[in-house]
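Hydrogens, waters and symmetry mates are skipped; everything else that's a heavy atom, side chains included, is used.
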There are 2 protein chains.
Amino acid sequence: MDEKHEDALLTLQHAGIAKTPQRLGVLNIFLAAKTPLSLSTIKKRLAAKVRFDKVTLYRILSLFKNLGIIREVTSRNGVNYFEIATKDNPVHPHFNCLNCGMLTCMEPLTFSQSRQLISPKEDYHVDHIEISITGLCAGCRDATKLQKRKN
Amino acid sequence: MDEKHEDALLTLQHAGIAKTPQRLGVLNIFLAAKTPLSLSTIKKRLAAKVRFDKVTLYRILSLFKNLGIIREVTSRNGVNYFEIATKDNPVHPHFNCLNCGMLTCMEPLTFSQSRQLISPKEDYHVDHIEISITGLCAGCRDATKLQKRKN
DNA sequence: ATACTTATTGCAACTTGGTTGCATTTTTGA
DNA sequence: TCAAAAATGCAACCAAGTTGCAATAAGTAT
Ligand SMILES: [Mn+2]
Ligand SMILES: [Mn+2]
Ligand SMILES: [Zn+2]
Ligand SMILES: [Zn+2]
């Protein structure tokens, strides 16, 4: 039996929701992913596994998000990304390449780092802090250098 | 002559683009705003001033953004917000109330604060760091307390 | 295993946000 | 004031996401 498939089954079982092929498919995609996934990416990968309607995918993502199985990662271009939200994958900053659009996960902040971010005078109840860093990834930066050399 | 109107005129002049009523209208709305504005808010406020088409508004916002007159502020719900990008209004974190959706501007980070956020090993070229904090604003927190007391 | 109940999916229709091409109007600058 | 250039408005279009409901699949008790 597939290792990932087992994890996916357990997750749905623990959440107390039905184990449908579509949900297992989505969950396995997240479990295998190393970066946050856009909706279109999920759609493509899921299509290779199981028959599904776009409405179903929206509902599954919304359900998983509400159950805390996945979390949403906001990005510049308004496209929504998602990633798995397990205990060993706490909230962390993301790097967003302006050129290729790729999102990569960065190391989570330490407690003292995150405390520095909040001005103590602000009397807000903080739920969470999202940090997103934009720039050029290593690949795109090198490509740009080559480009410049050519010109 | 209106003070803000004057600022708006100068901004367009400096950018070297035509001074149309629609652009002046949008600019004055931004100059008067204390928080980032959503598209729908801008639309409403502009409609009270001048006749315009939605296409025009999209084009103006896109133009202003490219010229660096305004900047985009990403938010949780995928709705795009914009704020004026003058020298005395540098990039800064935002607080986003989960209950009422309100976005408020926070103090900009100091250089040492922002440097702490980047793990030195990451070989990315950083363009800018966006910090967005979610939680409950003072008003909504109090309302929640009252709610709880009632129950 | 079967039958019943409940949850989930697929489909179609619709809403909303945003884009494109082009004719009309406005602004600019001579 | 007038011609050239720029910006706007309009209509048509596209894509993303939502809703209601009937068909189907999963859970559950017998
Ligand atoms: Mn991540
Ligand atoms: Mn701000
Ligand atoms: Zn890149
Ligand atoms: Zn609030």
Side-chain angles (χ1 to χ4, degrees), chain A residues 5-6 8-29 36-67 69-70 72-82 101, chain B residues 5-6 8-29 36-67 69-70 72-82 101:
Chain A
H5 196 228
E6 185 60 20
L9 272 173
L10 286 172
T11 304
L12 295 181
Q13 197 147 32
H14 181 254
I17 58 177
K19 302 167 194 69
T20 70
Q22 290 84 356
R23 287 178 183 169
L24 287 170
V26 170
L27 214 33
N28 280 322
I29 289 168
L37 303 174
S38 69
L39 195 80
S40 65
T41 301
I42 300 167
K43 207 180 281 181
K44 268 181 229 145
R45 297 196 186 165
L46 189 60
K49 295 183 174 188
V50 64
R51 183 186 110 105
F52 75 101
D53 185 82
K54 63 170 179 169
V55 181
T56 305
L57 180 52
Y58 284 120
R59 290 195 270 230
I60 289 177
L61 291 174
S62 158
L63 177 70
F64 283 5
K65 197 181 127 184
N66 289 336
L67 291 172
I69 297 174
I70 60 174
E72 211 164 346
V73 178
T74 60
S75 82
R76 229 120 341 276
N77 44 27
V79 182
N80 288 343
Y81 287 76
F82 301 89
Chain B
H5 196 226
E6 184 61 17
L9 273 172
L10 287 171
T11 304
L12 294 181
Q13 198 148 30
H14 182 254
I17 58 176
K19 301 166 193 72
T20 69
Q22 290 84 357
R23 287 178 182 170
L24 286 169
V26 170
L27 215 31
N28 281 321
I29 289 168
L37 303 173
S38 70
L39 195 80
S40 65
T41 302
I42 301 168
K43 207 180 281 183
K44 269 181 228 143
R45 297 196 186 166
L46 189 59
K49 296 182 173 189
V50 65
R51 181 187 113 104
F52 74 101
D53 185 81
K54 63 170 180 169
V55 181
T56 305
L57 180 52
Y58 284 120
R59 290 195 270 229
I60 290 177
L61 292 174
S62 159
L63 177 70
F64 283 5
K65 197 180 127 187
N66 288 336
L67 291 172
I69 296 175
I70 60 173
E72 211 164 347
V73 178
T74 58
S75 82
R76 231 121 337 279
N77 43 27
V79 182
N80 288 342
Y81 286 76
F82 300 90

Relative to the 5' end of DNA chain C, which residue comes earlier, A:T56 or B:L39, by the nucleotide with the nearest heavy atom? A:T56
[atom1]/[X] to [atom2]/[Y] distance, rounded to the nearest 0.5 angstrom?
X     : Y     : atom1 : atom2 : value
B:F52 : B:T20 : CZ    : OG1   : 12.0 Å
A:Q22 : A:L46 : CD    : CG    : 7.5 Å
B:L61 : B:L57 : CG    : CG    : 4.5 Å

[atom1] of [X] versus [atom2] of [N]: gap in Å, rounded?
X     : N      : atom1 : atom2 : result
B:L12 : D:dA6  : CG    : P     : 16 Å
A:F52 : C:dC11 : CZ    : C1'   : 15 Å
B:Q13 : C:dT27 : CD    : P     : 15 Å
A:I42 : D:dG17 : CD1   : P     : 11 Å
A:Y58 : D:dA15 : OH    : C1'   : 9 Å
A:L63 : C:dA7  : CG    : P     : 13 Å
B:R23 : C:dT26 : CZ    : P     : 15 Å
A:L67 : C:dT8  : CG    : P     : 10 Å

With heavy atoms under 4.0 Å as the rule, sort B:K19 into base, sugar-phosphate or nothing.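 Here B:K19 touches the backbone only, sparing every base.
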For B:F82, the option from B:I69, B:I29, B:I70 that meets side-chain contact (heavy atoms from CB on, under 4.5 Å): B:I70
Between its two end axes (five pairs each) the helix from C:dA1-D:dT30 to C:dA30-D:dT1 turns, nearest 10 degrees, through 40°
Compare side-chain N and O positions of [X] against OP1 and OP2 of [N] and report whether any pair is under 4.0 Å apart.
X     : N      : result
B:Q22 : D:dG9  : yes
B:R51 : C:dT25 : no
B:R59 : D:dT8  : no

Measuring from the side chain of A:A18 (C-beta onward, heavy atoms only), which nucleotide among C:dG18, D:dG17, C:dA7 has the closest atom? C:dA7
Which nucleotide in D:dT8, D:dA26, C:dG17 has an atom nearest any side-chain atom of A:T20: D:dA26
With side chain to side chain contact (heavy atoms under 4.5 Å, CB included) as the test, would you mind laying out the steps for A:T41 and A:Y81 before giving the verdict? CA-CA 9 Å; A:T41 301; A:Y81 287 76; 6.0 Å; no
Toward the 5' end of DNA chain D, which comes first, A:K43 or A:V55, by nearest nucleotide? A:K43
Do A:E6 and A:L10 make a side-chain contact, defined as non-hydrogen atoms from C-beta onward lying under 4.5 Å apart? yes
Quick check: closest heavy atoms across A:L12 and A:A18, and the distance to 0.1 Å?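 Here A:L12 and A:A18 meet closest at CD1-O, 4.1 Å.
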Establish whether the base of C:dG17 is bridged to the side chain of B:K54 by a donor-acceptor pair shorter than 3.5 Å.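 Side chain to base: no pair present.
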